[in-house]
Amino acid sequence: MDSFRQAVYRATAQIPSGKVATYGQIARLAGRPKAARAVGQFMAKNNDPKHIPCHRVVGSTGALTGYAFDGVLMKRKKLLDEGVVFKGTRVDLDQSCWNR
DNA sequence: CAATTGACGTAGT
DNA sequence: CACTACGCCAATT
């Protein structure tokens, strides 16, 4: 069970509340720095939504890629409640980027 | 097995 | 700062 998928699962599950990680960051921790796309694929397929806080995974610019556009706004509020700092429609990675 | 797709990232314009 | 083009990876068809 050491698939890349499992590594991504592990990395994503480690994201602490109030912080967010980028696909690239997760991909890097999973051992495939350039597999950001693949990471998104795993979230999209959502193999384990009950244990993977996909809403804490954002793009390198802090944009909440994925989810329905309306859903993004809802998730934004939820992340704000956890302590994630938003800058407009994007996450303020300067303060809320995981591992920083 | 080959081609297409998709929640990305970086660099160039 | 916004948009475009190219490259990368794994899953699905």
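Naming: A, B, ... by sequence-line order, numbering from 1 per chain.
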**Message:** Using whole Å, what does the distance between atom P of nucleotide B:dT5 and atom CE of A:Met43 come to?
**Reply:** 23 Å
**Request:** Using a heavy-atom cut-off of under 4.0 Å over every strand shown, decide if A:Ala35 touches base, sugar-phosphate, or nothing.
**Result:** sugar-phosphate
**Prompt:** Same cluster or not: are A:Ile15 and A:Val20 linked, directly or through other Ile, Leu, Val, Met, Phe, Trp or Tyr residues, by side-chain heavy atoms under 4.5 angstrom apart?
**Reply:** no
**Message:** Tell me the interatomic distance from A:Arg28, atom CZ, to B:dT10, atom P, rounded to whole angstroms.
**Reply:** 11 Å
**Message:** Closest approach to the side chain of A:Gln41, judged atom by atom: which nucleotide of B:dG6, B:dA7, B:dG9 is it?
**Reply:** B:dG6
**Item:** Interface limits on DNA chain C, where chain A has a heavy atom under 4.0 Å of a nucleotide atom
**Value:** C:dA2 to C:dT12
**Item:** Presence of salt bridge, A:Glu82 and A:Lys19, under 4.0 angstrom
**Value:** no
**Asked** Quick one: does A:Leu64's side chain get under 4.5 Å of A:Arg90's, heavy atoms only?
**Response** no
**Message:** Under 4.0 Å, counting only non-hydrogen atoms across every strand here, what does A:Arg56 touch: a base, just sugar-phosphate, or nothing?
**Reply:** nothing
**Request:** Output yes when a side-chain donor or acceptor of A:Thr22 lies under 3.5 Å from a complementary backbone atom of A:Gln25, and no otherwise.
**Result:** yes
**Message:** I need the NZ-P distance between A:Lys34 and B:dT10, as an integer number of Å.
**Reply:** 10 Å
**Item:** Expected output: side-chain A:Arg32 to main-chain A:Ala27 donor-acceptor under 3.5 Å
**Value:** no
**Whole-Å gap separating P (B:dT5) and NZ (A:Lys45)** = 13 Å
**Non-neighbouring partners of A:Asp92 that pass side-chain contact (heavy atoms from CB on, under 4.5 Å), sequence neighbours left out** = A:Val85, A:Lys87, A:Asp94, A:Gln95
